[in-house]
Visitor: 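Before we start, here is the structure in question, set down as structure tokens.
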Amino acid sequence: RSLQEVFIILLYTKISELHDDTWNIEIDETIVEHRPARDWHQYISGSFAQFRCSLCRKGWGSKRVQVLFNFHLDTARNQGTIKVRRFKQKCRRCTEAQWEDPNFPVENIDVLIERLVRNIRMKCYREDLGQTNRSSVFNGRVNGPHESAHCEACHKGVCSQTREDAFTNVC
Ligand SMILES: [Zn+2]
Ligand SMILES: [Zn+2]
């Protein structure tokens, strides 16, 4: 299954929390942090994911993989749209390393969706929900500290603004 399909499936398990509106989610690598379109909201969350270098095949895990969501509710049509972008990392061994997409454990995608849904409920439906959050799972080895030089989110200035597993509300 593609990441987008997993997002859609997990979002639908929580759709009853979204006031019977229709919500769609799509991967969009073009959205930019801190510049949501008019009437759109932004939410950034960190999670654990694994990566694999497409050149040397070495794998690594990172607890600071940032995911950016932009979302919007069209109240006239009862239709919501979510765009999601995940930030990449690259291998520290290869000089020609490519930016690689993260592989999230399904459980962590579920955690991301749960946090996102809470954020949507507060911003689009004005619910007052407080700040409890389920944590991500770490099922893999993480070698050494986070390396900004190999993290796309650090390059974009997104990483430093989010604490791992923190509830971030940057709007
Ligand atoms: Zn490599
Ligand atoms: Zn980073």
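Any value given below was found using the heavy atoms of this structure, including those in side chains, with hydrogens, waters and symmetry copies removed. Remember, it's 1-based here, ligands and their atoms both numbered in the order they're listed.
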Visitor: Specify which N/O/S atom of H146 comes nearest to the Zn ion (ligand 2), by atom name.
Guide: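 Within H146, restricted to N, O or S, the Zn ion (ligand 2) is closest to atom NE2.
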Visitor: Which heavy atom of C56 sits nearest a heavy atom of R93, and at what distance?
Guide: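 So the two residues come closest at SG-NH2, 3.6 Å.
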Visitor: Which pairs, with at least one residue in residues 6-18 and sequence neighbours excluded, count as a salt bridge (charged side-chain N to carboxylate O under 4.0 Å, His left out)?
Guide: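 Only K14-D110, E17-R121 qualify under salt bridge (charged side-chain N to carboxylate O under 4.0 Å, His left out).
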Visitor: Work out which heavy atom in V32 is nearest to a heavy atom in R85; give both atom names and the distance.
Guide: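 In this case the closest contact between V32 and R85 is CA-NH1, 4.4 Å.
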Visitor: Distances under 2.8 Å only: what protein N/O/S atoms are near the Zn ion (ligand 1), ordered by chain and residue?
Guide: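 Checking every protein N, O and S atom gives C53 SG, C56 SG, C91 SG, C94 SG.
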Visitor: So, for K90 and A97, which heavy atoms are closest and what is the spacing to 0.1 Å?
Guide: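 In this case the closest contact between K90 and A97 is CD-O, 3.8 Å.
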Visitor: Which angle, to the nearest 10 degrees, do you find at the Zn ion (ligand 2) between SG in C151 and SG in C159?
Guide: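 For SG of C151 and SG of C159, the angle centred on the Zn ion (ligand 2) reads 110°.
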Visitor: Side chain of Q89, backbone of F87: donor and acceptor closer than 3.5 Å?
Guide: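 Between the backbone of F87 and the side chain of Q89 there is no qualifying donor-acceptor contact (under 3.5 Å).
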Visitor: Would you mind checking if K88 and D101 are paired as a salt bridge, meaning a charged N to carboxylate O distance below 4.0 Å?
Guide: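 Salt bridge between D101 and K88, a charged N being under 4.0 Å from a carboxylate O: yes.
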Visitor: State, without any angle test, whether E152 and H155 hold a side-chain donor-acceptor pair at a distance under 3.5 Å.
Guide: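 E152 vs H155: no donor-acceptor pair found between side chains.
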